[in-house]
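Step one of this worksheet: look at the structure below.
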Amino acid sequence: MTAKGSGKPPMVAVRRTGSARKAPAGKTPAKAPAPKRKAPRPPRRGGIVGFFSGILRFIWRMVWGVAWRVTAVVALILFAATWFFHAQMPELSALLDGRQRGSVTLLDHEGNVFAWRGETYGGQVSSTNVSKHLRNAVVATEDKRFFGHFGVSPRGIASAIRINLSEGRGAFQGNGGSTITQQVAKLLCLGVDYDPKRWKTEAEYEADCRKGSLVRKLKEVPYAFALEWKYSKDEILTIYLNRAYLGAGARGFEAAAQRYFGKSSRQVKPAEAAMLAGLLVAPSYYAPTNNLKRAQDRASVIIGLMQDQGYLTKAEADDARSHPATLSPEAEQRAGGYFADWVVDSAPSYLARDTTEDVTIHTTLDQHLQKAAESAVDAVFETKLKSGSKAQAAVVVMSADGAVRAMVGGRKIGAPGSFNRATMARRQTGSAFKPFVYAAALDMGYSPADYVDDSPLTIRVPGSGPWTPQNYTRDFKGVMTLTEALKESRNIPAVRISEAVGRDAVRQVAEQFGIVSDLAQGPALALGVSEATLVEMTGAYAGILNGGSSVKPYGLIELRLKGDKTPLITQSGGIGERVIQEDAARYLTWMMMQVIDSGTGGRARLPGREAAGKTGTTQAARDAWFVGFTADYVAGVWMGYDDNTPLTGVTGGGLPAEIWKEVMVRVHEGLPSRPLPKKVPEPRLPPQVPGTSSEASSGGVPQPGQPQPGARQPDLADRIINEVLGTFLGGRW
């Protein structure tokens, strides 16, 4: 069928997928393709498997939904904390010197460094200008991936946790897996400044900053990220090199290199760099001044790490192991530790112990004499005492003006601040006190040739009853000269003279000579029952040597801020006011020479050199002393136990005298022999004992009150002696 009035063939409507197309007339329409159908869904599993599969899919969707949300929140918090820490971080230069206090550098009398106190800081260094070996040793030891991470090493933390748990510790106790960046975060205490109201000491503050805990680790992460954000890797390493504590009071690698090797950190060799890097794990334990062999062994391990990581060739590593680092002469000496403590304590605390500045103190120490004193003590204890003895000794050597040249505060050199037996221990002086009794008598006009009675004596002490002193030998020798009484260290004559001249006079002489301790009030004063320190006693004997003037022992010559030319403090000790007449001091010197030449101090005799001194032994031999002098030096020796245990078979004339001799022989090496400034008394005849026959009198013993042939007329001393003899020989007081 054609359309009407149309010359075109008719169109046929064809349905194709819901659409109509016109086909030319006379042609059969093409067959439409079959519509695509979706693949039928597999039938759902039925039963228990389908049920649990649905639950697992639901749980996974829940976990994933929570996990990404929690992760997003944690990331947001981490970013906020990192931004907070980053915003508070100062410029690099403000972080390099982290000390809360300054340091004290001590120089001997020649201007050489011999000790440090506080934390020394050698000056700012950069990771780019220190020795490449030091830089490589630190990285190889502490964080070999330092230049590749972003401040935190998850691999390192996981490894540390595994090691800690395998060794029975807590997950965060022991190894921390910290990167160098995290260690810098600890050194900076996560930005928390020291507050004395919160921490009693800086040590507590630093210990708190180093605590390893989960909370601390969580805080370290954003702080480490902030450090990496704020500073470059080289700057972070610079902070570490400047702030790390490396033992012996050295803060930073520059101070440590100077302290141990006497050179800059720019100059250290591989073996020295390895030793310094090895200190980081335990500064005090591996400090070469504490145990050099242990420090060298630790350095050998670090050299191996440097070789393994390509920082050293095998030849370089072998050379470093075969030539281990050694201490500089100044560090190796370790002399004068007790002396250094005493000098620092003698200065104002704000300029020494608690100084916020770097201070230099010029002192009186003579390192040659210091070594001599230390070696003498060691020699006597090694040869004269049983192995394992806990007996202690102290030595002080000084000039006649009170300048302390050497000081030994104990048998072993202790850490800074150790108990110093030369300056802190107050012990009874025993017979070493007797020279002050005789000094008072000589100053009143007595002569060393005058006589005193060594016979039984009883004194009634108000409130205590009768007191009967005894001689050490438990015997009596009757009438003897003052010189004989001193050289044999007789107790009863010393008491008689003290009572005759007056205890107040004896106390006054002792105090003016420098014994600042409270002195006994009773008659036992003459026997040395009062306490004193060794440095006080040595200074008092120096007053006898210098002619009778008081002495204030001193070790500080001047104190100044580091780099300044004008001192803040100058010498505050030396010779003071006159105590006794010069003739009295010269007579006393001669008397004390007899103690060494033929008395109780015979073991202290010096070959070819005049010396004077006095022994001292306290009750039950709890303390043994020998103090004496030559024309050049005064030296004091004390020996005893810290717990007051009695010494066995030791008196002042024994081991202390031998130590004194060993000290003085070493001290005087190379010095010419000089005579002591002494005065020899004119001899006198003894007074006649009451009741002696005329025949005895004609034999050379004059009657009381009669002039002695060739001697001066009776004076106050004669009258006192005659009265004592006439009264005491009858057994009455």
Side-chain angles (χ1 to χ4, degrees), residues 431 433-455 477-503 505-506 508-510 513 526 541 543-549 578-601 610 612-614 629 675-689 700-729:
S431 294
F433 184 84
K434 289 176 181 175
F436 309 123
V437 175
Y438 290 91
L442 294 169
D443 196 50
M444 289 184 176
Y446 278 70
S447 165
D450 280 336
Y451 289 83
V452 64
D453 184 25
D454 178 24
S455 61
K477 290 193 173 182
V479 177
M480 59 173 52
T481 64
L482 273 61
T483 301
E484 291 171 333
L486 180 62
K487 87 173 182 180
E488 296 182 18
S489 198
R490 310 296 289 184
N491 288 340
I492 294 175
V495 174
R496 289 191 190 278
I497 294 172
S498 175
E499 295 299 306
V501 302
R503 300 171 202 162
V506 174
Q508 182 178 357
V509 167
F513 267 134
Y541 276 53
I544 300 171
L545 172 61
N546 69 32
S549 295
R578 176 164 295 281
V579 178
I580 60 175
Q581 300 174 46
E582 185 172 355
D583 279 354
R586 300 309 180 215
Y587 275 140
L588 184 56
T589 297
W590 183 83
M591 294 171 66
M592 295 169 67
M593 287 178 62
Q594 312 315 305
V595 173
I596 292 180
D597 289 344
S598 57
T600 58
E610 290 186 349
K614 184 67 186 76
F629 49 84
L676 278 167
K678 59 187 176 297
K679 185 173 182 179
V680 182
E682 296 180 2
R684 295 183 177 181
L685 294 176
Q688 182 180 359
V689 177
V701 181
Q703 295 291 330
Q706 294 180 346
Q708 301 178 19
R712 60 176 170 77
Q713 295 296 316
D715 59 7
L716 174 62
D718 294 314
R719 294 196 296 272
I720 291 173
I721 294 297
N722 290 334
E723 182 179 350
V724 168
L725 289 172
T727 304
F728 291 115
L729 290 181

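Basis for what follows: all heavy atoms, side chains included, without hydrogens, waters or symmetry-related copies.
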Output all residues satisfying side chain to side chain donor-acceptor pair (under 3.5 Å) with [X], sequence neighbours left out; order by chain, then residue number.
{"X": "Thr483", "value": "none"}
{"X": "Gln594", "value": "none"}
{"X": "Thr600", "value": "Thr615"}
{"X": "Lys487", "value": "Ser598"}

When you measure from the side chain of [X] to the backbone N and O of [Y], does any donor-acceptor pair fall under 3.5 Å?
{"X": "Lys434", "Y": "Leu486", "answer": "no"}
{"X": "Asp450", "Y": "Ser447", "answer": "yes"}
{"X": "Tyr451", "Y": "Arg684", "answer": "yes"}
{"X": "Ser498", "Y": "Ala494", "answer": "no"}

Does any part of the side chain of Tyr541, heavy atoms only, come nearer than 4.5 Å to the side chain of Lys614, both counted from C-beta? yes
Determine whether Leu482 and Ile497 make a side-chain contact, defined as any pair of heavy atoms from C-beta on separated by less than 4.5 Å. yes
Quick one: list whatever passes ring pair (Phe, Tyr, Trp, His ring centres under 6.0 Å) with Phe433, sequence neighbours left out. Phe436
Where at least one partner belongs to residues 585-599, residue pairs that pass salt bridge (Lys or Arg N to Asp or Glu O under 4.0 Å), sequence neighbours excluded: Glu582-Arg586
Nearest atoms (heavy-atom pairs only) where Val479 meets Pro686: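 Looking at all heavy atoms of both residues, the closest pair is CG1-CB, 4.4 Å.
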Results of side-chain contact (heavy atoms from CB on, under 4.5 Å) for Asn546 - residues two or more places apart only: Ala400, Ser549, Val551, Ile575
Mind checking what makes side-chain contact (heavy atoms from CB on, under 4.5 Å) contact with Glu488, not counting sequence neighbours? Lys477, Met480, Arg490
With sequence neighbours left out, write down each residue that passes salt bridge (charged side-chain N to carboxylate O under 4.0 Å, His left out) with Glu484, or none if nothing qualifies.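 Expected list: none.
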